[in-house]
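Working notes for the structure below.
Numbering of residues begins at 1 and proceeds along the displayed sequence. Keep in mind that what you see is a predicted model, and the values were worked out from it rather than measured. Whatever order the structure lists ligands and atoms in, that order sets their numbers, starting from 1.
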Amino acid sequence: MKSLAKRLQVRRGRTRLADWKTDSTPECKGKDQANQQLAENLARIDELQYRLHAEARQSLLLVLQGMDTSGKDGLIRKVLTVFNPQGCKVWSFKVPTLEEAAHDFLWRIHRAAPATGEVAVFNRSHYEDVLVVRVHELVAPSVWKPRYHAINEFERQLHQRGTRVLKFFLHISREEQRERLLARLDDPLKRWKFSDADLVERRSWRSYQRAYEEALARCSPAHARWHVIPADRKWYRDFAVSQIVADTLEQMNPRIPKARLAVRNLRSRLAR
Ligand code: AMP
Ligand code: MG
């Protein structure tokens with residue numbers, strides 16, 4: 001089902017996020033079907049990661065972005081744990097530390113890029129440096145504007161050395177965010193996740209959408225397109241991302257290397 005990725009991919013030019021539905025379910029007939037497909041996708045991913053690791057020539061980078069409560073953590077917990085931890089690392093990028101801030105914005109990112117045969121998941125990423133930084137005017141426009149170009153160059157380099165860059169924007173509505181923040185307040189088990197900062201960020205919803213629109217439009221070359229995942233329904237989000245990850249790994253077609261072994265001879269040595 002290669003068409004799912006195509007349908008959700010950002011093409012060149014301006015992208016109006018308002019034109020992308022947050023509650024649609026393309027290529028999916030409902031929750032039951034989504035969950036069944038999810039299970040199949042996880043089995044495919046499991047096998048393909050094994051081959052990726054054995055081949056040790058390519059790597060996969062998954063970039064997750066989205067507004068607060070859009071489901072980045074949930075997606076990692078429910079879908080991306082399928083990856084064998086011996087070959088997958090998850091990186092959560094927060095406000096830069098003093099050391100990170102003393103370097104160029106890609107420094108901490110490049111160090112986290114996956115080695116050959118490995119998978120890396122970015123929970124937030126280098127895109128924060130054209131998102132939060134822009135919305136809150138943490139640096140001057142003359143500093144963040146050239147970053148789109150720097151990001152494209154960086155991702156092109158990764159691609160050229162065999163890293164597939166897959167980017168997912170988890171797209172929720174402002175109303176859905178309200179529901180999820182309220183749920184965090186209502187549920188004692190979720191209350192720890194509630195942060196005053198989320199309410200401050202929520203006030204900048206429009207500015208964030210605009211910043212996202214520009215980042216998605218300017219950083220979607222053919223080899224590293226953004227995918228806009230309708231994420232109001234968690235089961236759809238999980239299905240869609242698992243499907244695109246499995247399809248991409250299939251396209252990468254990692255092969256288990258042929259071992260040149262004198263099997264008969266080795267067997268006879270093991271007989272003793
Ligand atoms: P969370 O993902 O909820 O743990 O929050 C992490 C916070 O770190 C978010 O508010 C991000 O906007 C913030 N953050 C991540 N990267 C940067 C960055 N490069 N500059 C400033 N803030 C950042
Ligand atoms: Mg948060």
Please write down residue, atom name and distance for the protein heavy atom closest to atom 4 (O) of ligand 1. Lys94 NZ, 2.5 Å

Any donor-acceptor pair under 3.5 Å linking the side-chain atoms of Ser59 with those of Thr116? no

Polar side-chain atom of Asp23 near backbone of Arg233 as donor-acceptor pair, under 3.5 Å: no

Under 4.0 Å to a heavy atom of Arg108 - the qualifying atoms of ligand 1, by number: 16 (N), 17 (C), 18 (C), 19 (N)

Would you say Glu100 contacts ligand 1, with heavy atoms under 4.0 Å as the rule? no

So is Arg108 actually on top of Phe93's ring, under 6.0 Å and inside 45° of the axis? no

Backbone or side-chain N or O of Glu201 under 3.5 Å from ligand 1 N or O: no

Identity and separation of the nearest protein heavy atom to atom 22 (N) of ligand 1: Val132 CG1, 3.5 Å

Can you give the donor-acceptor pairs under 3.5 Å from side chains of residues 223-231 to other protein atoms, not counting sequence neighbours?
unit_1	atom_1	unit_2	atom_2	d
Arg225	NH1	Ser220	O	3.1
His227	ND1	Lys167	O	3.1
His227	NE2	Gln9	NE2	3.3

Looking only at protein heavy atoms, which one is nearest to atom 18 (C) of ligand 1, and what is the separation? Pro96 CD, 3.4 Å

Got Val79 and Leu38 here, is their nearest side-chain heavy-atom distance under 4.5 Å? yes

Just distances here: any N/O of Glu128 and N/O of ligand 1 closer than 3.5 Å? yes

Protein heavy atom at shortest distance from atom 5 (O) of ligand 1: Arg124 NE, 3.7 Å

Polar-atom distance check: Asp129 versus ligand 1, any N or O pair below 3.5 Å? yes

Can you find an N or O of Val95 that's nearer than 3.5 Å to an N or O of ligand 1? yes

